[in-house]
Amino acid sequence: MTERVSAPETSGVRGSGGDLVVMGPPGVGKGTQAKALAQESGWIQLSTGEVFRDHIRRQTELGRRVKTYLDQGAYVPDDVTVDLVRDRLRSIPSSTRVLFDGFPRTVAQAEALDRLLAEMGRRVAGVVILEAPRDELYARLSSRAMAEQRADDTPEVIANRLDVYDEQTRPVISYYEDRGLVKRVNGVGRREDITARLREALES
Ligand code: AMP
């Protein structure tokens, strides 16, 4: 579980309020970066992938329902994912910004998120896309597979996850681009440099 409330908003990324979305293909490092940004800014990071993995580890009912999808690198159905996000959002104070990490991943999820946030008097204020070439992503996911032995990091599953991203998640970028919310950030380089680029993108 990666919801965290850390130090008050002392430095770094500020904005006019509203919630933020970090998107990017598998292996680009969005989870690590989202964690760093949320920590330094006092936001709550809401990572659907982490929440699913946590349920699988704890062998909850939800964990049993979603395990096969994660193992195959397929997306969990929208209704299951949106229900989970709705539940989480209910426990977050309206004054605290949320950094969505790995959600929304389909246009239906993006539309559902807009509705959910509107009901709660919230809105998406900015979307950053972390980018890296496919070869680089493939290499990173393969080495993570060796290090962490994640079931969703086998060669076939890695290729599938990258394809699913192209097919289902790229349209979400267009969805937000049409509203002028998107900033693209180069996800290749030193970790701290990438965090700085993201911070700058979110500040502007
Ligand atoms: P991540 O940690 O963000 O790479 O997510 C790991 C896996 O969790 C994905 O490959 C999907 O199987 C599942 N998942 C995470 N977020 C979502 C989402 N927004 N919609 C559907 N499936 C998701």
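Each ligand, and each atom within it, is numbered from 1 in the order the structure gives.
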With a cutoff of 4.0 Å, is Gln72 in contact with ligand 1, counting heavy atoms of the residue only?
no
Is any side-chain heavy atom of Arg65 closer than 4.5 Å to a side-chain heavy atom of Thr60?
no
Report yes if some heavy atom in the side chain of Tyr69 is under 4.5 Å from a heavy atom in the side chain of Pro77; otherwise report no.
yes
Measure the spacing between [atom1] of [X] and [atom2] of [Y] and express it to the nearest 0.5 Å.
X	Y	atom1	atom2	value
Leu116	Asp19	CG	CG	11.0 Å
Ser174	Arg179	OG	CZ	13.0 Å
Arg53	Ile56	CZ	CD1	8.0 Å

Just to be sure I read this right, does ligand 1 sit under 4.0 Å from the backbone of [X], its side chain, both, or neither, counting only heavy atoms?
X	answer
Phe52	side chain
Pro104	neither
Thr81	side chain

Please assess Lys183 against Leu202 for the test side chain to side chain contact (heavy atoms under 4.5 Å, CB included), listing each intermediate value before the final yes or no.
CA-CA 8 Å; Lys183 296 266 168 54; Leu202 289 168; over 6 Å; no
Atom CZ of Arg191 with >12 non-hydrogen neighbours under 6.0 angstrom
no
Subset of ligand 1 atoms that lie under 4.0 Å from at least one heavy atom of [X]:
X	answer
Gln109	18 (C), 19 (N), 20 (N), 21 (C)
Ala74	11 (C), 12 (O)
Arg161	4 (O), 10 (O)

With nothing but distance in play, are any N or O atoms of Gly102 less than 3.5 Å from an N or O of ligand 1?
yes
Return yes or no for this condition: an N or O of Thr48 is under 3.5 Å from an N or O of ligand 1.
yes
Hey, looking at atom 17 (C) of ligand 1, which of Glu50, Gln168, Arg105, Lys67 has the closest heavy atom?
Arg105
